[in-house]
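First listed ligand is number 1; within each ligand, the first listed atom is number 1.
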Amino acid sequence: MAKFIPRQTFSAPNSIPKTYYLGHHAAGEAKIVKSLSNISLILECRDFRLPLSTHNPQLERALAGRERIVVYTKSDLGVDTPSAGDALRRLYGDRLVFWDKHKASATKSLMKKVKEVARAVDSLTGMRALIVGMPNVGKSTLLNTLRRTGTPTRTAKVAKTGDQAGVTRKIGTPVRILESEDKGGVGDGVYVLDTPGIFQPYVDDGETMIKIALVQGIKKGLIPDEILADYLLFRMNLWNPEIYARYCEPTNEVNEFLTAVAKKDGKIKTGGGPNWQEAASRILSQWRSGNLGKYVLDDLTEDAVQEYRTRMLEPKLSFNQAKKQQKLARAQVKAGA
Ligand SMILES: Nc1nc2c(ncn2[C@@H]2O[C@H](COP(=O)(O)OP(=O)(O)O)[C@@H](O)[C@H]2O)c(=O)[nH]1
Ligand SMILES: [Mg+2]
C-alpha cells in the first residue's frame, strides 16, 4: 500500500465567522470593569489546549494594573506536549498555574499563590479576586474547587457549570475561599467572584475559530460539526493517524472517516446510510473527553510565541479598524446563527 501522506494545510471555509463577540459580552466586560474598584487580584483562565487562542487581549488590557495569575485550565486534556509548559512559563514566569479540576496539587499550588498576594495586600475586609476568561474555559468550576479546598466545611457547589458557552450570565457575589487566619495575615480571608465568559472582539482567522469551537468556546452549531471533525482529522493525521485506528486506515477524506465511525458506532440513518452528522458529533465528544489523543492545538514553537507576543503588544488594527471588522463579522454571525 502507498505510504499515507497527511494534508499539510487545512483551508477553513470562508463562511466561518471571525467573531463571537455578542452584546452580552460587551455588556459583561463593561460590568467587570466597573466592579474593579476593590479587586486586588485577577485569576485569568485560559484553556490549556488553546493557550494562546483562548487569551482575550482586550479583556487583559481592560484589567491591567492589578496582580494577575494566569490559570491554564483543563490541563488534563492536553498533556502530551511537555515543551508547551516551558514555552508558557517563559511568557508568564511564576505567575502561572497549570490547573485541572481533578488534581488537588494544582489547586493547592494556585491557593499558595493567591495567599501570597493576599498577604501582600493585607486587607482588613478580605482580599477580593476576580475570575475572568473566555466562555467555557472552566471559571465556575475553578471557583467551586477553590471554595471546596479552602473552606472544607462548605462543599456545596456555588457556581453553576456546564459544558457550553454562556452558562454563567452575571458577576457573582463574593465567595469566601479562605477563612481569615490569625497568624497568616490574610485579614478577613479571601473572596473570589465569578464572571461570565467574555469572547475576544475579533479572531484573526477561521482556523482559530474552529479551534475555539472544538473546545466549546462558542455556541454549538455555529460551525458545523462535520467541519470540526474534518479539522480534527487533519490534526490527528499530523500527530499520528494511529489515534483513530479503531475506526479505519489513515485517510484525508472526512466522509470516508465519518462513514467508518458511523458503521462502527452505529450512527446509521433510517434508510441505512451513514449519519455523518451524528458520527461527527460522536468524534467531537470523544476528543473532548480525551479519548482521541490529548494535545495542545496552538503552535507553541519559539517563532509562534514570539509572533503572538508582538501581536498582543502591538495590535495591528487601530480601534476604528477593529470596530469595523467586528461589525462585519457580527453581521456574518447573525446571518449564520
Ligand atoms: N476535563 C476537565 N474539564 C473541566 C475542567 N474544568 C472545567 N471543566 C469542564 O468544562 C466545562 C465548563 O466549565 P465551567 O466551569 O462551566 O466554565 P465557565 O464557562 O468558564 O464558567 C464543564 O463541563 C466542566 O466540567 C478541567 O480541569 N478538566
Ligand atoms: Mg461559568
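The contact set between ligand 1 and Asn136, taken as ligand atoms under 4.0 Å from a residue heavy atom, comprises 11 (C), 12 (C), 17 (O), 18 (P), 19 (O), 20 (O). When each atom of ligand 1 is checked for a heavy atom of Asp100 under 4.0 Å away, the hits are 27 (O). Applying the 4.0 Å criterion to heavy atoms of Leu77 picks out, from ligand 1, the atoms 1 (N).
The pair Glu44-Arg66 does not meet the salt-bridge criterion, since no charged nitrogen lies less than 4.0 angstrom from a carboxylate oxygen. Using a 4.0 Å cut-off between charged nitrogen and carboxylate oxygen, Arg7 and Asp230 count as a salt-bridge pair.
At a 3.5 angstrom cut-off on N or O pairs, Trp99 does not count as close to ligand 1. The shortest N or O to N or O distance between Gly138 and ligand 1 is under 3.5 Å. At least one N or O atom of Asp76 sits closer than 3.5 Å to an N or O atom of ligand 1. Considering backbone and side-chain atoms together, Asp194 places no N or O closer than 3.5 Å to any N or O of ligand 1. Geometrically, ligand 1 and Gln164 share no nitrogen or oxygen pair separated by less than 3.5 Å. Here's the thing with Ser75: none of its N/O atoms is less than 3.5 angstrom from an N/O atom of ligand 1. Geometrically, ligand 1 and Thr161 share no nitrogen or oxygen pair separated by less than 3.5 Å.
Contact annotation: Val137 has at least one heavy atom less than 4.0 Å from an atom of ligand 1. Not close to ligand 1: Val167, with no non-hydrogen atom less than 4.0 angstrom away.
Inclusion of Thr168 in the first shell of the Mg ion (ligand 2) is supported: an N, O or S atom falls under 2.8 Å. With 2.8 Å as the limit, Thr141 does not count as an N, O or S neighbour of the Mg ion (ligand 2).
For atom 3 (N) of ligand 1, the closest non-hydrogen atom of the protein is Lys101 CE, 3.7 Å. The single protein non-hydrogen atom nearest to atom 15 (O) of ligand 1 is Thr141 OG1, 2.5 Å, given as residue, atom name and distance. Protein heavy atom nearest atom 18 (P) of ligand 1, with residue, atom name and distance: Lys139 N, 3.5 Å. Scanning the protein heavy atoms around atom 8 (N) of ligand 1, the nearest turns out to be Lys74 CE, 3.8 Å.
Between Tyr92 and Tyr72, the ring planes lie tilted relative to each other; the angle falls in the 30° to 60° range. Note: Trp239 and Tyr295 have parallel aromatic rings, judged against thresholds of 30 and 60 degrees for the angle between ring planes.
Lys113 contributes a side-chain N or O that, together with a main-chain N or O of Asp94, makes up a donor-acceptor pair within less than 3.5 Å. A donor-acceptor contact shorter than 3.5 Å links the side chain of Arg147 to the backbone of Ala156. Remark: side-chain polar atoms of Asn237 are paired, donor with acceptor, to backbone N or O of Thr251 under 3.5 angstrom. Thr54 places a side-chain N or O within donor-acceptor distance of the main-chain N or O of Leu50, the cut-off being under 3.5 Å.
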- Query: Between Asp265 and Tyr247, does a side-chain hydrogen bond (donor to acceptor under 3.5 Å, both in side chains) hold up when you go through it step by step?
  - Reply: CA-CA 9 Å; Asp265 291 347; Tyr247 293 120; 2.7 Å; yes
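By the neighbour-count criterion of 12 heavy atoms within 6.0 Å, atom CD of Glu253 is sparsely surrounded, having that number or fewer from other residues, nucleotides or ligands.
Trp99 pairs in a side-chain hydrogen bond (donor to acceptor under 3.5 Å, both in side chains) with only one of the listed residues (Thr73, Thr107, Asp76, Thr145), which is Thr107.
Heavy atoms of Leu142 found under 4.0 angstrom from ligand 1: none, in either backbone or side chain.
Considering only heavy atoms from C-beta on, Ser83 stays 4.5 Å or farther from Leu300 through its side chain.
Summarising the contacts of atom 16 (O) of ligand 1 with Ser140, Gly197, Gly162, Gly217, the nearest heavy atom is found in Gly162.
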